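Scroll down for the structure; my scribbles are underneath it.
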Protein chains: 2
Amino acid sequence: MTAESSDRRRRTPEQRRARADRILDAAAELVGRWGYDKTTLDDVSRHAHVAKGTIYLHWKSREALFTALLRRERVLMLEAVRLCTAGRAEPVGGLVRRLALEMLRRPLLKALLLGDGEVLGALLRHKRTSPEAAEAMSTAFAAYLGVLREHGLVRSDLTPAEQQNVMATAFYGFFHAPALPDPFHLDMERRADLLAETVQRTLGSGHPVTPESAAQVAEATARYLDRALEIARRKLEESL
Amino acid sequence: MTAESSDRRRRTPEQRRARADRILDAAAELVGRWGYDKTTLDDVSRHAHVAKGTIYLHWKSREALFTALLRRERVLMLEAVRLCTAGRAEPVGGLVRRLALEMLRRPLLKALLLGDGEVLGALLRHKRTSPEAAEAMSTAFAAYLGVLREHGLVRSDLTPAEQQNVMATAFYGFFHAPALPDPFHLDMERRADLLAETVQRTLGSGHPVTPESAAQVAEATARYLDRALEIARRKLEESL
DNA sequence: ATATGACTGAATATACGTATCTAGTCATAC
DNA sequence: GTATGACTAGATACGTATATTCAGTCATAT
């Protein structure tokens with residue numbers, strides 16, 4: 001063994017993070033299979049090939065571990081949206097549609113947003129979204145809408161509170177409303193399109209994105225996603 | 001006592017109905033006060049000044065009684081909307097707004113639509129809205145939208161399934177989405193306005209009601225409400 | 001310093017017997 | 001025919017005692 005051999009117990013931050021990710025991978029796998037309530041830390045440690053005590057070197061409690069898992073999912077989702085929209089200049093509805101679809105694509109976020117008790121169990125009841133983060137997200141979105149309004153793409157006769165309520169209500173309805181019976185049934189993809197259209201028509205001014213405003217719209221979108229990502233990443237770091 | 005004295009045990013249909021209403025009044029009072037789970041038929045019979053057996057001369061089970069109660073509320077709500085809109089020629093959003101507000105005004109319907117388990121308890125879990133009635137309601141609404149479309153007041157590029165999904169999602173979000181924290185909080189009345197605006201902008205064509213179309217719009221509205229009332233009344237009659 | 005996994009106690013599930021409650025019935029009265 | 005309310009059976013709540021599970025700890029090993 002050399003002087004700086006891997007035999008040394010001291011771990012680099014990268015190694016720590018890689019192991020945390022392996023543990024979270026195992027947790028994600030097991031929650032997807034058995035649900036939160038039935039997933040024990042012994043299961044997770046076995047799947048991740050670490051001792052249970054090691055988990056407590058990363059998180060102070062079981063809940064903290066799964067909180068971190070959800071936060072990592074959120075970061076990954078936002079990164080995916082960030083990639084999709086890179087450089088594009090879409091109206092509000094387009095952004096909303098991508099957000100909705102990327103959320104639906106990820107089982108844990110989908111379960112979280114659908115309020116699926118089978119998957120998330122007690123986590124749903126006890127977990128509270130931190131007010132600071134929620135407000136920061138709202139503020140970032142409001143700023144995004146503000147830029148679009150300056151370019152005449154968003155109505156100027158709605159207060160920020162009204163805009164946020166429209167967004168919240170539309171999203172909530174989209175995720176939670178039960179599917180309609182057969183003659184009216186639509187799959188989630190089509191419903192996401194309708195959600196986008198609803199938001200676009202309710203919040204938008206009706207004017208299309210002009211070539212002149214395209215650059216600024218693209219920048220505002222990127223800026224919003226960056227801010228959201230920053231908040232999401234910060235929250236994830238808090239969870240180690 | 002005369003020959004046709006009230007001493008005769010034979011009851012007229014009007015007397016029967018009046019007594020059923022008294023029983024339903026008592027049930028409404030008690031459910032409002034204690035919730036469905038804690039309201040016993042002994043309570044109801046005592047409050048309505050009838051023997052418990054009498055209740056079973058009207059309904060075959062406890063559940064049937066409370067089903068009738070909910071159905072009566074629905075009829076009363078629709079009658080109120082019918083009165084409000086009498087002769088008026090409002091666009092879709094206006095009708096939606098009135099429906100939403102009249103539902104919110106009635107504690108039992110509000111509880112039903114909000115999915116309030118405290119008030120409705122087990123009734124929420126076991127009660128299924130009959131598919132036939134739901135479909136008939138949808139059909140009636142689709143017909144209403146059809147007339148408005150003929151007059152250019154409603155978009156023609158959405159399928160009926162898409163229209164119904166927008167309606168269902170918007171209503172669901174309006175009733176179920178939790179209130180936003182303080183800087184963005186709006187009361188239910190304002191949210192009803194936003195619901196109306198959302199539906200109007202998403203389903204509507206953007207053209208205003210012209211004097212020429214006013215009469216037909218008013219008639220279509222009245223026709224829809226009449227059909228809805230007919231269905232609601234039929235369902236109520238089924239529940240005696 | 002870092003990692004482990006056997007260990008512990010608090011919480012949760014299971015089992016069982018008893019008490020209470022109440023939806024629905026029906027013999028009786030009018 | 002109509003109305004009653006005491007009655008019953010089945011369900012539900014409660015109390016208690018026992019078993020099991022699992023989050024979190026810590027003495028030990030490297």
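Predicted model, so just to flag it, every value in this text is computed and none were measured. Computed over heavy atoms, backbone and side chain alike; hydrogens, waters and symmetry mates excluded. Each chain gets a letter, A, B and so on, in the order the sequences are listed, and its residues count up from 1.
- Here the C1' atom of nucleotide C:dG24 and the NE2 atom of B:His58 are 16 Å apart, to the nearest Å.
- Under the rule for a side chain to side chain donor-acceptor pair (under 3.5 Å), B:Arg234 has no partner lying at least two apart in sequence or in another chain.
- Interface residues of residues 61-72 of chain B facing DNA chain C, ordered by number: B:Ser61, B:Arg62; criterion, heavy-atom separation under 4.0 Å.
- Residues satisfying the salt bridge (charged side-chain N to carboxylate O under 4.0 Å, His left out) criterion with B:Glu135, sequence neighbours excluded, are absent altogether.
- Between the P atom of C:dA3 and the CZ atom of A:Arg22 lies a distance of 10 Å, rounded to the nearest Å.
- Under the salt bridge (charged side-chain N to carboxylate O under 4.0 Å, His left out) criterion, A:Glu189 pairs with no residue at all, not counting sequence neighbours.
- One can place CD1 of A:Ile55 at 14 Å from C1' of D:dT25, the figure rounded to the nearest angstrom.
- With sequence neighbours excluded, the residues that form a side chain to side chain donor-acceptor pair (under 3.5 Å) with A:Thr40 are A:Asp43.
- Remark: A:Glu132 pairs with A:Lys235 by the salt bridge (charged side-chain N to carboxylate O under 4.0 Å, His left out) rule, at least two apart or across chains.
- Listed by first and then second residue, the side chain to side chain donor-acceptor pair (under 3.5 Å) pairs that reach into residues 167-187 of chain B come to none, sequence neighbours excluded.
- Backbone-only engagement by A:Arg19 is indicated by non-hydrogen atom pairs under 4.0 Å involving sugar-phosphate atoms exclusively.
- Partners of B:Arg33 under the salt bridge (charged side-chain N to carboxylate O under 4.0 Å, His left out) rule, at least two apart in sequence or in another chain, are B:Glu29.
- Minimum atom distance to the side chain of A:Tyr56 is reached by D:dA23, of the listed D:dT4, C:dT22, D:dA23.
- In this structure, the side chain of A:Gln164 engages the main chain of A:Ser138 through a donor-acceptor pair within 3.5 Å.
- Applying the side chain to side chain donor-acceptor pair (under 3.5 Å) criterion to A:Glu79, with sequence neighbours excluded, gives A:Arg233.
- For the pair B:Asp42 CG and C:dG24 P, the interatomic distance rounds to 12 Å; values are reported in whole Å.
- A straight line from NZ of A:Lys38 to P of D:dC22 spans 8 Å, rounded to a whole angstrom.
- Pairs of residues two or more places apart, or lying in two chains, that qualify as salt bridge (charged side-chain N to carboxylate O under 4.0 Å, His left out) and include a residue from residues 52-73 of chain B are B:Asp21-B:Arg72, B:Asp25-B:Arg72, B:Asp42-B:Lys52.
- Side-chain N/O atoms of A:His49 and A:Arg22 include no donor and acceptor closer than 3.5 Å.
- Residues of residues 44-54 of chain B having a heavy atom closer than 4.0 Å to DNA chain C, listed by number: B:Lys52.
- For the pair A:Leu41 CG and C:dA6 C1', the interatomic distance rounds to 16 Å; values are reported in whole Å.
- Atoms NE2 (B:His126) and C1' (C:dA23) sit 14 Å apart, rounded to a whole Å.
- The stretch residues 23-37 of chain A has no heavy atom under 4.0 angstrom from DNA chain D at all.
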